[in-house]
Protein chains: 2
Amino acid sequence: MSVEFDRVLIEPAYRKVAAAIGERILSRALRQGERLPPETELARQFGVNRSTVREALRELESRGLLQRRPGSKLMSVSRPQPATIGQGVSHALLLHDVTVHHLWEALTILEPPLAAAAAAARTPADLEALGEAIAACGAAATDTATAVQRTAEVFRCIARAAHNPVLGLAQEPLLQLLEPSLRIMIDRVPQARSRITAAQRRLLEAIEAQDEAAAREWMARHIRDFRRGYDLAGIDLSLRLTA
Amino acid sequence: MSVEFDRVLIEPAYRKVAAAIGERILSRALRQGERLPPETELARQFGVNRSTVREALRELESRGLLQRRPGSKLMSVSRPQPATIGQGVSHALLLHDVTVHHLWEALTILEPPLAAAAAAARTPADLEALGEAIAACGAAATDTATAVQRTAEVFRCIARAAHNPVLGLAQEPLLQLLEPSLRIMIDRVPQARSRITAAQRRLLEAIEAQDEAAAREWMARHIRDFRRGYDLAGIDLSLRLTA
DNA sequence: ATCGTATGATTGTCGGACAAACCGGCAACC
DNA sequence: GGTTGCCGGTTTGTCCGACAATCATACGAT
């Protein structure tokens with residue numbers, strides 16, 4: 001007895017259309033920057049209504065596979081931008097009740113090796129970009145929000161210097177999640193900015209000297225310092241992160 | 001001279017609607033599992049056409065913020081599943097020309113600390129789940145595809161044992177990207193399966209004993225072994241990953 | 001050369017329409 | 001009693017047709 005059947009999957013047309021276009025993009029049959037035909041033409045090709053095509057396009061758009069370039073109405077194929085993808089991940093994490101401690105632990109694990117990899121792989125151009133980012137971050141900005149943004153930008157520069165997109169993209173949601181709590185921390189702890197700047201300079205020196213061990217160690221201290229900042233700011237590490 | 005204006009941003013209605021609903025979900029004004037009103041009602045509330053509402057729903061659906069529970073036509077609020085999010089990230093990475101080496105380097109950095117964290121935080125329930133996953137992976141499956149799937153599942157169990165969603169979600173795209181190349185490797189290297197199983201058993205022992213250092217070390221060897229496998233299988237590490 | 005205008009293509013949005021699927025309930029039936 | 005069949009109401013999936021706004025392009029005027 002007990003004949004078991006698999007759940008028969010019914011797929012709406014808009015998802016089939018999205019899958020068809022998405023598969024072409026992933027397989028690189030459609031190249032980056034290439035422009036898609038107009039919606040009416042797509043509707044004709046797929047044999048569905050324009051409304052159906054539009055629902056499919058919205059899905060691909062939100063995955064970052066399609067975007068509208070300024071000055072063009074036609075959709076064009078694009079590679080998903082780290083900021084976009086990172087936003088999806090950080091939203092997911094927010095809904096999964098991530099705490100400050102989770103985030104800090106992840107930073108502890110990810111960032112020091114990333115700094116080491118950056119020290120190993122950095123080019124002169126990376127070095128220059130990192131130097132500028134650190135200078136911008138050190139410049140006494142009146143606005144806390146921009147100060148936090150620039151701190152995140154320094155991390156991004158380091159990730160870029162490591163020349164590993166996987167690590168860069170893994171880091172992006174962490175930076176986005178870090179923003180609100182870091183803003184509070186900088187606001188409450190007066191010496192936070194100078195400590196961050198000092199750590200960044202040490203990091204820059206280590207990465208410039210291609211000293212992997214030093215880069216790893218300074219970054220580890222930098223992250224540990226964040227924890228101290230949270231304590232000083234009276235931020236409960238077991239608190240859930242917010243948007 | 002040279003008066004500079006910011007780019008005036010025009011946002012289509014479907015994106016505004018999506019943003020409005022998404023913001024409610026992120027702020028937890030709409031709780032998990034709660035069901036959204038029907039499309040016609042949403043259209044009435046927002047003062048737009050149903051087609052416009054549908055385009056917005058497609059966007060939220062693809063971000064995993066909404067899903068249709070089986071047996072219900074109404075959309076219900078959901079937290080994005082790691083597999084869904086991971087797919088978005090791995091697609092992005094594929095389009096960013098990620099190589100086997102990038103992936104391997106990321107695994108090298110992420111997995112050993114993850115195993116250590118698992119050793120520290122694991123509960124008896126985690127231990128049991130991990131044991132079962134390893135047993136299932138060790139059982140000689142004829143199918144290479146399922147063998148790879150089960151290997152990935154072991155990694156997921158370890159991440160769950162670490163009780164850190166950030167790390168778990170960071171790992172997910174790596175596992176998805178790993179699949180194709182690992183399949184090739186297992187097919188070409190006869191001893192790969194037994195080496196993987198052996199490493200998993202060592203890991204289980206270390207995690208069971210809550211020996212962080214040992215867990216870290218065995219995982220590091222495990223990942224290094226992957227690299228050896230790639231070499232033996234004749235897989236060029238500078239090759240771009242494929243879907 | 002710059003500007004204004006006509007023209008065509010394309011999107012954003014709308015209203016309405018209908019079949020199919022699903023739910024709950026109720027009656028019929030073995 | 002449990003299963004089956006049927007009915008009405010709700011909701012989605014899909015389609016059709018329509019129109020204003022926007023943009024590209026070409027063309028002509030100043």
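So you know, we letter chains A, B, ... as the sequences are listed, proteins then strands, and number each from 1.
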Sidechain N-carboxylate O distance under 4.0 Å for [X], [Y]:
X: D143(B); Y: R150(B); result: no
X: E59(A); Y: R58(B); result: no
X: E34(A); Y: R24(A); result: no
X: R15(A); Y: E55(A); result: no
X: E153(A); Y: R160(A); result: yes

Starting from [atom2] on [N], measure out to [atom1] on [X] and report it in whole angstrom.
X: E39(B); N: dT14(D); atom1: CD; atom2: C1'; value: 11 Å
X: E11(A); N: dT14(D); atom1: CD; atom2: C1'; value: 16 Å
X: L42(A); N: dG12(C); atom1: CG; atom2: P; value: 13 Å
X: R15(B); N: dT11(C); atom1: CZ; atom2: P; value: 14 Å
X: R69(A); N: dT22(D); atom1: CZ; atom2: P; value: 22 Å
X: L57(B); N: dT14(D); atom1: CG; atom2: P; value: 14 Å
X: M75(B); N: dT11(D); atom1: CE; atom2: C1'; value: 12 Å

Strictly below 4.0 Å: does [X] bring a side-chain N or O up to OP1 or OP2 of [N]?
X: T52(B); N: dC14(C); answer: yes
X: R54(B); N: dG13(D); answer: yes
X: R35(B); N: dT11(D); answer: no
X: Y14(B); N: dG12(C); answer: yes
X: N49(B); N: dT13(C); answer: no
X: R68(B); N: dG13(D); answer: yes

Next on the checklist: Can you say whether a donor on the side chain of K73(A) sits under 3.5 Å from an acceptor on the base of dT10(C), or the other way round?
Outcome noted: yes
Next on the checklist: For a quick check, tell me whether the side chain of R50(B) and the base of dT14(D) share a donor-acceptor pair closer than 3.5 Å.
Outcome noted: yes
Checklist entry - 5'-most contact on DNA chain C: L74(A) or E55(B), nearest heavy atom basis? => result L74(A)
Checklist entry - Closer to the 5' end of DNA chain C via nearest nucleotide, is it I10(A) or V48(B)? => result V48(B)
